[in-house]
There are 2 protein chains.
Amino acid sequence: MSTKDIATDGDGPGLPGQVPLLLAMVFRAMNDQFHARLAELGREPLRPAHGYTFRYLATHTDATTADLAAYLGITKQAASKAVAELHEWGYLERRPHPHDRRAQTLALTRRGRDYLQLADQLWTEAEQLWTDLIGADRLEAVRRDLQTYLNHTYGDNEAPLRPLW
Amino acid sequence: MSTKDIATDGDGPGLPGQVPLLLAMVFRAMNDQFHARLAELGREPLRPAHGYTFRYLATHTDATTADLAAYLGITKQAASKAVAELHEWGYLERRPHPHDRRAQTLALTRRGRDYLQLADQLWTEAEQLWTDLIGADRLEAVRRDLQTYLNHTYGDNEAPLRPLW
DNA sequence: TCTTGTGGTCAACTGGGTTGACCACTGGGC
DNA sequence: GCCCAGTGGTCAACCCAGTTGACCACAAGA
(Lines give C-alpha, C1' and ligand atoms only; values in the text may rest on other atoms or scores of the structure.)
Protein backbone atom coordinates (compact mmCIF):
# COMPACT_ATOMS: atom_id res chain seq x y z
CA MET A 1 0.00 0.00 0.00
CA SER A 2 1.27 3.45 -0.77
CA THR A 3 0.97 4.83 2.67
CA LYS A 4 4.24 6.68 2.43
CA ASP A 5 3.88 10.23 3.58
CA ILE A 6 3.15 12.57 0.73
CA ALA A 7 4.15 15.61 2.71
CA THR A 8 7.24 17.72 2.45
CA ASP A 9 9.94 15.07 2.85
CA GLY A 10 11.26 16.28 -0.44
CA ASP A 11 13.86 14.13 -2.04
CA GLY A 12 13.88 10.79 -3.73
CA PRO A 13 12.32 10.01 -7.07
CA GLY A 14 8.72 10.61 -6.08
CA LEU A 15 5.91 8.13 -5.82
CA PRO A 16 3.67 7.39 -8.75
CA GLY A 17 0.52 9.47 -8.68
CA GLN A 18 2.04 11.99 -6.34
CA VAL A 19 2.18 14.90 -8.75
CA PRO A 20 -1.54 15.72 -8.94
CA LEU A 21 -1.69 16.11 -5.19
CA LEU A 22 1.47 18.19 -5.22
CA LEU A 23 -0.23 20.48 -7.72
CA ALA A 24 -3.13 20.87 -5.34
CA MET A 25 -0.88 21.55 -2.37
CA VAL A 26 1.20 24.14 -4.20
CA PHE A 27 -1.85 25.91 -5.50
CA ARG A 28 -3.29 25.88 -2.02
CA ALA A 29 -0.11 27.41 -0.63
CA MET A 30 -0.16 30.15 -3.26
CA ASN A 31 -3.83 30.77 -2.68
CA ASP A 32 -3.23 31.11 1.05
CA GLN A 33 -0.50 33.64 0.35
CA PHE A 34 -2.80 35.48 -2.02
CA HIS A 35 -5.51 35.84 0.61
CA ALA A 36 -3.04 36.77 3.32
CA ARG A 37 -1.75 39.64 1.18
CA LEU A 38 -5.29 40.70 0.38
CA ALA A 39 -6.07 40.87 4.09
CA GLU A 40 -2.82 42.76 4.68
CA LEU A 41 -3.92 45.37 2.19
CA GLY A 42 -7.26 45.64 3.94
CA ARG A 43 -9.17 44.63 0.83
CA GLU A 44 -12.40 42.79 1.24
CA PRO A 45 -11.84 39.22 0.13
CA LEU A 46 -14.40 38.51 -2.54
CA ARG A 47 -15.25 34.86 -2.85
CA PRO A 48 -13.49 32.67 -5.39
CA ALA A 49 -16.41 32.61 -7.79
CA HIS A 50 -16.24 36.39 -7.92
CA GLY A 51 -12.63 36.36 -9.04
CA TYR A 52 -13.44 33.92 -11.83
CA THR A 53 -16.35 36.10 -12.84
CA PHE A 54 -14.05 39.10 -13.15
CA ARG A 55 -11.58 37.18 -15.21
CA TYR A 56 -14.31 35.92 -17.51
CA LEU A 57 -15.90 39.32 -18.02
CA ALA A 58 -12.54 40.95 -18.69
CA THR A 59 -12.00 38.66 -21.66
CA HIS A 60 -15.56 38.21 -22.90
CA THR A 61 -17.39 41.40 -23.80
CA ASP A 62 -21.16 41.30 -24.03
CA ALA A 63 -21.31 38.17 -21.88
CA THR A 64 -24.68 37.34 -20.37
CA THR A 65 -25.47 35.79 -17.02
CA ALA A 66 -26.25 32.53 -18.76
CA ASP A 67 -22.84 32.56 -20.49
CA LEU A 68 -21.21 33.10 -17.15
CA ALA A 69 -23.16 30.27 -15.54
CA ALA A 70 -22.08 27.90 -18.32
CA TYR A 71 -18.46 28.91 -17.93
CA LEU A 72 -18.46 28.55 -14.16
CA GLY A 73 -20.36 25.29 -14.34
CA ILE A 74 -23.10 26.45 -11.99
CA THR A 75 -26.80 27.07 -12.52
CA LYS A 76 -27.93 30.35 -13.93
CA GLN A 77 -29.74 31.05 -10.66
CA ALA A 78 -26.48 30.81 -8.75
CA ALA A 79 -24.71 32.96 -11.32
CA SER A 80 -27.52 35.46 -11.11
CA LYS A 81 -27.01 35.76 -7.37
CA ALA A 82 -23.29 36.38 -7.76
CA VAL A 83 -23.91 38.96 -10.46
CA ALA A 84 -26.46 40.74 -8.29
CA GLU A 85 -23.96 40.96 -5.45
CA LEU A 86 -21.13 42.22 -7.60
CA HIS A 87 -23.45 44.76 -9.15
CA GLU A 88 -24.63 45.93 -5.76
CA TRP A 89 -21.01 46.32 -4.67
CA GLY A 90 -20.16 48.35 -7.74
CA TYR A 91 -17.85 45.89 -9.48
CA LEU A 92 -19.90 45.37 -12.60
CA GLU A 93 -22.78 46.87 -14.49
CA ARG A 94 -25.66 45.41 -16.44
CA ARG A 95 -26.79 46.89 -19.71
CA PRO A 96 -29.56 45.91 -22.08
CA HIS A 97 -28.41 43.41 -24.65
CA PRO A 98 -28.15 44.95 -28.11
CA HIS A 99 -30.09 42.20 -29.90
CA ASP A 100 -32.06 40.32 -27.26
CA ARG A 101 -34.49 42.18 -25.07
CA ARG A 102 -34.59 39.36 -22.53
CA ALA A 103 -30.88 39.45 -21.89
CA GLN A 104 -28.45 41.84 -20.26
CA THR A 105 -24.78 42.19 -21.05
CA LEU A 106 -22.34 42.29 -18.18
CA ALA A 107 -19.26 44.46 -17.99
CA LEU A 108 -16.72 45.32 -15.31
CA THR A 109 -16.75 48.80 -13.91
CA ARG A 110 -13.56 50.72 -13.27
CA ARG A 111 -13.67 49.39 -9.71
CA GLY A 112 -13.93 45.84 -11.02
CA ARG A 113 -11.01 46.25 -13.37
CA ASP A 114 -8.93 47.71 -10.56
CA TYR A 115 -9.68 44.74 -8.38
CA LEU A 116 -8.68 42.35 -11.12
CA GLN A 117 -5.46 44.24 -11.65
CA LEU A 118 -4.66 43.95 -7.97
CA ALA A 119 -5.41 40.24 -8.08
CA ASP A 120 -3.06 39.81 -11.01
CA GLN A 121 -0.40 41.61 -9.07
CA LEU A 122 -0.81 39.36 -6.04
CA TRP A 123 -0.68 36.22 -8.17
CA THR A 124 2.47 37.58 -9.73
CA GLU A 125 3.97 37.93 -6.27
CA ALA A 126 3.22 34.31 -5.49
CA GLU A 127 4.70 33.25 -8.80
CA GLN A 128 7.79 35.37 -8.19
CA LEU A 129 8.43 33.55 -4.94
CA TRP A 130 8.59 30.32 -6.88
CA THR A 131 10.79 31.89 -9.54
CA ASP A 132 13.22 32.96 -6.83
CA LEU A 133 13.47 29.35 -5.71
CA ILE A 134 13.83 27.52 -8.99
CA GLY A 135 14.87 30.19 -11.48
CA ALA A 136 13.09 31.81 -14.38
CA ASP A 137 14.06 29.09 -16.84
CA ARG A 138 12.54 26.30 -14.80
CA LEU A 139 9.43 28.32 -14.13
CA GLU A 140 8.98 28.93 -17.82
CA ALA A 141 9.47 25.23 -18.49
CA VAL A 142 6.84 24.38 -15.89
CA ARG A 143 4.48 26.91 -17.41
CA ARG A 144 4.90 25.30 -20.82
CA ASP A 145 4.35 21.83 -19.42
CA LEU A 146 1.16 22.93 -17.71
CA GLN A 147 -0.03 24.59 -20.87
CA THR A 148 0.72 21.42 -22.82
CA TYR A 149 -1.55 19.44 -20.55
CA LEU A 150 -4.38 21.93 -20.91
CA ASN A 151 -4.02 22.12 -24.67
CA HIS A 152 -4.22 18.36 -24.89
CA THR A 153 -7.17 18.09 -22.54
CA TYR A 154 -9.32 20.88 -23.90
CA GLY A 155 -8.05 21.29 -27.43
CA ASP A 156 -9.16 24.60 -28.82
CA ASN A 157 -11.77 25.01 -26.14
CA GLU A 158 -11.31 27.22 -23.18
CA ALA A 159 -10.05 25.55 -20.06
CA PRO A 160 -12.55 25.97 -17.25
CA LEU A 161 -11.38 28.09 -14.38
CA ARG A 162 -13.63 27.60 -11.46
CA PRO A 163 -14.00 26.43 -7.90
CA LEU A 164 -13.90 22.77 -7.61
CA TRP A 165 -14.12 20.77 -4.42
CA MET B 1 -4.87 45.76 -17.88
CA SER B 2 -4.04 42.12 -18.21
CA THR B 3 -7.14 41.12 -20.04
CA LYS B 4 -5.34 38.71 -22.27
CA ASP B 5 -7.07 35.37 -22.34
CA ILE B 6 -5.57 32.99 -19.86
CA ALA B 7 -7.09 30.00 -21.57
CA THR B 8 -5.41 27.45 -23.74
CA ASP B 9 -3.87 29.68 -26.35
CA GLY B 10 -0.65 28.01 -25.48
CA ASP B 11 2.45 29.60 -26.81
CA GLY B 12 4.39 32.73 -26.16
CA PRO B 13 6.34 33.48 -23.05
CA GLY B 14 3.40 33.53 -20.66
CA LEU B 15 2.00 36.43 -18.70
CA PRO B 16 3.27 37.27 -15.25
CA GLY B 17 1.10 35.71 -12.57
CA GLN B 18 -0.35 33.18 -14.94
CA VAL B 19 1.24 30.09 -13.43
CA PRO B 20 -0.81 29.85 -10.23
CA LEU B 21 -4.01 29.79 -12.25
CA LEU B 22 -2.54 27.25 -14.63
CA LEU B 23 -1.81 25.05 -11.62
CA ALA B 24 -5.43 25.32 -10.60
CA MET B 25 -6.70 24.54 -14.08
CA VAL B 26 -4.45 21.52 -14.52
CA PHE B 27 -5.38 20.14 -11.15
CA ARG B 28 -9.01 20.69 -12.00
CA ALA B 29 -8.59 18.79 -15.25
CA MET B 30 -6.90 15.89 -13.47
CA ASN B 31 -9.52 15.90 -10.77
CA ASP B 32 -12.27 15.75 -13.38
CA GLN B 33 -10.57 12.79 -14.98
CA PHE B 34 -10.22 11.15 -11.59
CA HIS B 35 -13.93 11.41 -10.89
CA ALA B 36 -14.89 10.34 -14.38
CA ARG B 37 -12.87 7.15 -13.95
CA LEU B 38 -14.37 6.59 -10.53
CA ALA B 39 -17.84 6.83 -12.01
CA GLU B 40 -16.81 4.52 -14.84
CA LEU B 41 -15.81 1.92 -12.29
CA GLY B 42 -19.13 2.34 -10.55
CA ARG B 43 -17.52 3.40 -7.31
CA GLU B 44 -19.37 5.78 -5.08
CA PRO B 45 -17.57 9.10 -5.18
CA LEU B 46 -16.76 9.98 -1.61
CA ARG B 47 -16.43 13.67 -1.05
CA PRO B 48 -13.00 15.30 -1.21
CA ALA B 49 -12.71 15.67 2.54
CA HIS B 50 -13.10 11.89 2.79
CA GLY B 51 -10.14 11.28 0.53
CA TYR B 52 -7.96 13.55 2.58
CA THR B 53 -9.12 11.80 5.71
CA PHE B 54 -8.03 8.46 4.26
CA ARG B 55 -4.66 9.81 3.31
CA TYR B 56 -4.16 11.29 6.74
CA LEU B 57 -5.17 8.16 8.61
CA ALA B 58 -2.98 5.98 6.43
CA THR B 59 0.09 7.89 7.53
CA HIS B 60 -0.86 8.81 11.11
CA THR B 61 -1.67 5.93 13.39
CA ASP B 62 -3.61 6.60 16.56
CA ALA B 63 -4.95 9.86 15.16
CA THR B 64 -7.96 11.31 16.93
CA THR B 65 -10.87 13.23 15.48
CA ALA B 66 -9.40 16.43 16.87
CA ASP B 67 -6.07 15.71 15.12
CA LEU B 68 -7.92 15.18 11.90
CA ALA B 69 -9.88 18.40 12.30
CA ALA B 70 -6.67 20.35 12.84
CA TYR B 71 -5.08 18.79 9.77
CA LEU B 72 -8.07 19.44 7.55
CA GLY B 73 -8.49 22.93 8.92
CA ILE B 74 -12.14 22.42 9.84
CA THR B 75 -13.93 22.37 13.17
CA LYS B 76 -13.93 19.20 15.20
CA GLN B 77 -17.71 19.07 14.82
CA ALA B 78 -17.36 18.91 11.06
CA ALA B 79 -14.60 16.33 11.32
CA SER B 80 -16.77 14.33 13.69
CA LYS B 81 -19.54 14.23 11.11
CA ALA B 82 -17.20 13.01 8.40
CA VAL B 83 -15.78 10.36 10.69
CA ALA B 84 -19.26 9.18 11.64
CA GLU B 85 -20.17 8.79 7.97
CA LEU B 86 -17.01 6.95 7.04
CA HIS B 87 -17.46 4.70 10.03
CA GLU B 88 -21.07 3.99 9.10
CA TRP B 89 -19.97 3.11 5.58
CA GLY B 90 -17.31 0.76 6.84
CA TYR B 91 -14.23 2.67 5.79
CA LEU B 92 -12.76 3.27 9.22
CA GLU B 93 -13.07 2.09 12.77
CA ARG B 94 -12.92 3.83 16.11
CA ARG B 95 -11.15 2.29 19.06
CA PRO B 96 -10.70 3.54 22.60
CA HIS B 97 -7.59 5.61 22.98
CA PRO B 98 -4.87 3.80 24.94
CA HIS B 99 -4.12 6.64 27.34
CA ASP B 100 -7.09 8.99 27.20
CA ARG B 101 -10.54 7.71 28.02
CA ARG B 102 -12.20 10.71 26.36
CA ALA B 103 -10.59 10.08 23.03
CA GLN B 104 -10.88 7.49 20.28
CA THR B 105 -8.22 6.51 17.83
CA LEU B 106 -9.14 6.25 14.18
CA ALA B 107 -7.89 3.63 11.76
CA LEU B 108 -8.74 2.60 8.22
CA THR B 109 -10.45 -0.73 7.70
CA ARG B 110 -9.47 -3.06 4.91
CA ARG B 111 -12.19 -1.47 2.84
CA GLY B 112 -10.73 1.97 3.52
CA ARG B 113 -7.23 0.93 2.53
CA ASP B 114 -8.59 -0.61 -0.66
CA TYR B 115 -10.32 2.59 -1.58
CA LEU B 116 -7.16 4.56 -0.99
CA GLN B 117 -5.21 2.17 -3.15
CA LEU B 118 -7.73 2.61 -5.94
CA ALA B 119 -7.47 6.37 -5.57
CA ASP B 120 -3.70 6.20 -5.83
CA GLN B 121 -4.07 4.16 -8.98
CA LEU B 122 -6.43 6.69 -10.57
CA TRP B 123 -4.14 9.58 -9.71
CA THR B 124 -1.31 7.63 -11.27
CA GLU B 125 -3.34 7.34 -14.47
CA ALA B 126 -3.83 11.08 -14.60
CA GLU B 127 -0.16 11.63 -13.98
CA GLN B 128 0.75 9.12 -16.66
CA LEU B 129 -1.24 11.07 -19.21
CA TRP B 130 0.93 14.07 -18.48
CA THR B 131 4.08 11.98 -18.63
CA ASP B 132 3.07 10.76 -22.07
CA LEU B 133 2.86 14.36 -23.20
CA ILE B 134 6.02 15.86 -21.74
CA GLY B 135 8.21 12.87 -20.95
CA ALA B 136 9.32 11.31 -17.69
CA ASP B 137 12.27 13.64 -17.28
CA ARG B 138 10.16 16.76 -17.50
CA LEU B 139 7.58 15.31 -15.15
CA GLU B 140 10.25 14.50 -12.61
CA ALA B 141 11.64 18.02 -12.92
CA VAL B 142 8.18 19.47 -12.34
CA ARG B 143 7.73 17.22 -9.35
CA ARG B 144 10.98 18.46 -7.84
CA ASP B 145 10.08 22.08 -8.50
CA LEU B 146 6.71 21.64 -6.81
CA GLN B 147 8.37 19.93 -3.88
CA THR B 148 10.87 22.77 -3.62
CA TYR B 149 8.07 25.26 -3.25
CA LEU B 150 6.39 23.22 -0.53
CA ASN B 151 9.61 22.67 1.36
CA HIS B 152 10.26 26.39 1.34
CA THR B 153 6.73 27.29 2.36
CA TYR B 154 6.21 24.78 5.12
CA GLY B 155 9.74 23.89 6.19
CA ASP B 156 9.71 20.70 8.17
CA ASN B 157 6.00 20.91 8.76
CA GLU B 158 3.51 18.90 6.88
CA ALA B 159 1.94 20.61 3.89
CA PRO B 160 -1.81 20.80 4.33
CA LEU B 161 -3.83 18.76 1.91
CA ARG B 162 -7.39 19.82 1.98
CA PRO B 163 -10.32 21.28 0.12
CA LEU B 164 -9.96 24.87 -0.52
CA TRP B 165 -12.39 27.07 -2.34
C1' DT C 1 -8.45 18.91 45.38
C1' DC C 2 -9.28 22.49 42.43
C1' DT C 3 -8.93 24.59 38.09
C1' DT C 4 -8.10 25.02 33.61
C1' DG C 5 -7.93 22.77 29.27
C1' DT C 6 -9.23 19.31 25.82
C1' DG C 7 -11.88 15.24 23.15
C1' DG C 8 -16.26 14.57 21.57
C1' DT C 9 -21.22 15.29 20.64
C1' DC C 10 -25.86 17.60 20.20
C1' DA C 11 -28.37 21.53 18.50
C1' DA C 12 -29.28 25.63 15.86
C1' DC C 13 -27.84 28.33 12.24
C1' DT C 14 -25.39 30.02 7.78
C1' DG C 15 -24.62 30.45 2.99
C1' DG C 16 -23.68 29.10 -1.49
C1' DG C 17 -25.28 26.03 -4.05
C1' DT C 18 -29.49 23.18 -5.93
C1' DT C 19 -34.31 22.02 -8.16
C1' DG C 20 -38.80 23.76 -9.67
C1' DA C 21 -41.95 27.10 -11.41
C1' DC C 22 -42.65 30.92 -13.91
C1' DC C 23 -42.62 35.09 -17.22
C1' DA C 24 -40.77 37.66 -21.23
C1' DC C 25 -38.91 37.24 -25.27
C1' DT C 26 -36.65 34.81 -29.47
C1' DG C 27 -36.69 32.61 -33.78
C1' DG C 28 -37.53 28.91 -36.97
C1' DG C 29 -41.41 26.20 -39.37
C1' DC C 30 -45.42 26.47 -41.51
C1' DG D 1 -48.02 36.52 -40.00
C1' DC D 2 -48.80 32.99 -36.34
C1' DC D 3 -47.37 29.23 -33.45
C1' DC D 4 -44.65 27.09 -30.30
C1' DA D 5 -40.58 24.99 -28.61
C1' DG D 6 -36.44 26.99 -26.67
C1' DT D 7 -33.78 30.40 -23.89
C1' DG D 8 -32.54 34.57 -20.51
C1' DG D 9 -33.65 35.85 -16.10
C1' DT D 10 -35.82 35.84 -11.49
C1' DC D 11 -38.46 34.24 -7.31
C1' DA D 12 -39.10 30.63 -4.02
C1' DA D 13 -38.21 26.54 -1.47
C1' DC D 14 -34.94 23.39 -0.26
C1' DC D 15 -30.21 20.95 0.56
C1' DC D 16 -26.15 20.17 2.90
C1' DA D 17 -21.47 20.71 4.43
C1' DG D 18 -19.74 23.73 6.98
C1' DT D 19 -20.19 27.09 11.11
C1' DT D 20 -20.99 28.87 16.25
C1' DG D 21 -22.52 27.79 20.92
C1' DA D 22 -23.37 24.89 24.82
C1' DC D 23 -22.30 21.07 27.18
C1' DC D 24 -20.28 16.72 29.48
C1' DA D 25 -16.48 13.51 30.61
C1' DC D 26 -12.04 13.26 31.44
C1' DA D 27 -6.94 15.00 31.78
C1' DA D 28 -3.22 17.15 33.95
C1' DG D 29 -0.61 20.53 36.39
C1' DA D 30 -0.82 23.76 40.49
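In the text below, chain A, chain B and the rest are named by the order of the sequence lines, each starting its count at 1. What's counted below: heavy atoms across the whole structure, side chains too, no hydrogens, waters or symmetry copies.
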So which one's nearest nucleotide on DNA chain C is more toward 5', Glu85(A) or Thr64(B)?
->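 Nearer the 5' end of the strand: Thr64(B).
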
Hey, does the side chain of Gln104(B) come within less than 4.0 Å of dT9(C)'s phosphate (OP1/OP2), counting only N and O?
-> yes

Phosphate-side-chain proximity, Arg94(B) and dG7(C), N/O vs OP1/OP2 below 4.0 Å = no

Between atom [atom1] in [X] and atom [atom2] in [N], what is the gap in whole Å?
X: Arg47(B); N: dG17(C); atom1: CZ; atom2: C1'; value: 14 Å
X: His87(B); N: dT9(C); atom1: NE2; atom2: C1'; value: 15 Å
X: Leu68(A); N: dG16(C); atom1: CG; atom2: P; value: 16 Å
X: Tyr52(A); N: dG16(C); atom1: OH; atom2: P; value: 15 Å
X: Asp67(B); N: dG8(C); atom1: CG; atom2: C1'; value: 13 Å

Side chains of Met30(A) and Tyr149(B): closer than 4.5 Å at any heavy-atom pair?
-> yes

All side-chain hydrogen bond (donor to acceptor under 3.5 Å, both in side chains) counterparts of [X], not counting sequence neighbours:
X: Arg43(B); value: none
X: Arg111(B); value: Glu44(B), Tyr91(B)
X: Arg47(B); value: Glu85(B)
X: Gln121(B); value: none

Can you name the salt bridge (Lys or Arg N to Asp or Glu O under 4.0 Å) partners of Asp145(B), sequence neighbours left out?
->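 If we apply the salt bridge (Lys or Arg N to Asp or Glu O under 4.0 Å) test to Asp145(B), skipping adjacent residues, the hits are Arg138(A).
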
How does protein contact run along nucleotides 19-28 of chain D, one letter per nucleotide 5' to 3', with B for base contact, S for sugar-phosphate only, - for none, heavy atoms under 4.0 Å?
-> BBB---BBS-

Taking five pairs at each end of the helix from dT1(C)-dA30(D) to dC30(C)-dG1(D), what angle separates the two helix axes (nearest 10°)?
->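 Its terminal axes enclose an angle near 20°.
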
Between dG7(C), dG16(C), dT9(C), which nucleotide has the shortest distance from any of its atoms to the side chain of Ser80(B)?
->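 That would be dT9(C).
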
Donor-acceptor pairs under 3.5 angstrom involving side-chain atoms of residues 72-80 of chain A: please list them, not counting sequence neighbours.
{"unit_1": "Thr75(A)", "atom_1": "OG1", "unit_2": "Ala78(A)", "atom_2": "N", "d": "3.3"}

Trp123(A) and Phe27(A) aromatic ring geometry - parallel, tilted or perpendicular at 30°/60° bounds =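 Geometry flag for Trp123(A) against Phe27(A): parallel rings.
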
Applying salt bridge (charged side-chain N to carboxylate O under 4.0 Å, His left out), which residue pairs with at least one partner in residues 124-137 of chain A are found, sequence neighbours left out?
-> Arg37(A)-Glu125(A)

